[in-house]
Amino acid sequence: MVSNNSKLSTETMSQLAQARDNKYKLLYYPFHGVVAGLRAMFAMSDADYTFIHPEDWAVQKPTTPLGAMPVLYETTATGETLELAELSVLEYYIGQKNGWVGDNLWENNLVKMYHSSSQAVVDKLVTTVVRAPKENYDQMLEIYITKIVPEWVEYHERALKANGSNGHYVGDK
């Protein structure tokens, strides 16, 4: 993949990124994993996108921005390829491009707050359950299901109700 063109200014890259006819490739493993939200966002948008998988991750890893997936490659009408990595950044970026985030500084940060909380509950699944020793797995799964998830749901339901129970955390989009 072609990486960000260091000859372009960040302002030029920002202008190129705003085009609605750019094409996207998302590099990730050949399963949903942590990119289920991104997959849904692409499906809801009218973007031209494809999902690609590493052919040899050990070889490709050092060529990515941070040595991790997912990586988004966005090709502009001029042929420039812009590259971004890190799940939360990609989700916010696609949300921003599609008008699904806040309309001002405060709303944008509220969206980021709820997003961060949602990512944290997934991270807790990994740290609490997935990485638990085999002999503690069932106990840790029980804690996750009966304590961690219900607490997360309670806070998020409260936020949704406070926004008028319209299905959105912030405003009406």
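Put simply, NZ on K23 and OG1 on T75 are 8.5 Å apart, with the number rounded to the nearest 0.5 Å. From L125, atom CG reaches atom CE of M140 across 11.0 Å, with rounding to the nearest 0.5 Å.
Within the 3.5 Å criterion, the main-chain N or O of D46 finds no donor-acceptor partner in the side chain of R20. In this structure, the side chain of N163 engages the main chain of H168 through a donor-acceptor pair within 3.5 Å. No side-chain donor-acceptor contact under 3.5 Å links S116 to the backbone of K112. At least one donor-acceptor pair closer than 3.5 Å links the side chain of N166 to the backbone N or O of G171. Without hydrogens or angle criteria, T127 side chain to D123 main chain gives a donor-acceptor distance under 3.5 Å. In this structure a side-chain-to-backbone donor-acceptor pair under 3.5 Å is missing from N136 to Q139. When atom types are taken as modelled, the side chain of S14 and the backbone of T10 share no donor-acceptor pair closer than 3.5 angstrom. The closest donor-acceptor contact from the side chain of K61 to the backbone of M69 lies at 3.5 Å or more, if one exists at all. Under the 3.5 Å distance criterion, the side-chain polar atoms of N98 are left unmatched by any main-chain donor or acceptor of S45. Distance alone, capped at 3.5 Å, is enough to place a donor-acceptor pair between the T76 side chain and the E80 backbone.
The hydrophobic cluster of L66 has no other members, since no ILVMFWY side-chain heavy atom comes under 4.5 Å of it. Y92 belongs to a hydrophobic cluster whose other members, connected by ILVMFWY side-chain contacts under 4.5 Å either directly or through intermediates, are V101, W106, L110, V111, M113, Y114, L160, Y169, V170.
With contacts defined as side-chain heavy-atom distances shorter than 4.5 Å, the pair P70/L87 qualifies. Within the 4.5 Å cutoff, no side-chain heavy atoms of L26 are placed close to those of I52. Annotation: side chain of V89 is not in contact with side chain of L72 (no heavy-atom distance under 4.5 Å). At least one side-chain heavy atom of M44 sits less than 4.5 Å from a side-chain heavy atom of W100. Looking at heavy atoms from C-beta onward, W57 lies in side-chain contact with T64 at the 4.5 angstrom threshold. Within the 4.5 Å cutoff, no side-chain heavy atoms of L84 are placed close to those of V71. Side-chain contact check for L8 versus L16: some heavy-atom pair is nearer than 4.5 Å.
With a 6.0 Å radius and a threshold of 12 heavy atoms from other residues, nucleotides or ligands, E55 has its CD atom at or below the threshold. When the shell of 6.0 Å around CG of D172 is examined, it contains 12 or fewer heavy atoms from other residues, nucleotides or ligands.
Nearest heavy-atom pair, E91 versus G37, reported as atom, atom and distance to 0.1 Å: OE2-CA, 4.2 Å. The shortest heavy-atom contact between I148 and K124 is CG2-CD, 3.8 Å. Between Y73 and E83, the shortest heavy-atom distance links the atoms CE2-OE2, 3.0 Å. The two residues D21 and A77 make their nearest non-hydrogen contact at OD2-CB, 4.2 Å. The nearest pair of heavy atoms linking S118 to V121 is O-CG1, 3.2 Å.
Using modelled atom types and a 3.5 Å distance limit, the side chains of H156 and S117 yield a donor-acceptor pair. Side-chain N/O atoms of Q60 and D56 include no donor and acceptor closer than 3.5 Å.
Hydrophobic clustering of Ile, Leu, Val, Met, Phe, Trp and Tyr side chains at less than 4.5 Å, counting indirect connections, keeps W152 apart from V34. Cluster membership for L90 and V122, using ILVMFWY side-chain heavy atoms within less than 4.5 angstrom, is not shared.
By the side-chain contact (heavy atoms from CB on, under 4.5 Å) test, V153 pairs with V149, E157, sequence neighbours left out.
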TODO: Go through the steps for Y24 and L38 under the test side chain to side chain contact (heavy atoms under 4.5 Å, CB included), then give the verdict.
DONE: CA-CA 12 Å; Y24 304 90; L38 271 172; over 6 Å; no
- [ ] Run the numbers on K97 and E74 for salt bridge (charged side-chain N to carboxylate O under 4.0 Å, His left out), then give the verdict.
- [x] CA-CA 12 Å; K97 287 191 72 153; E74 180 175 1; 2.5 Å; yes
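Exactly one of Y93, Y28, Y49 qualifies for a ring pair (Phe, Tyr, Trp, His ring centres under 6.0 Å) with F42. That residue is Y49.
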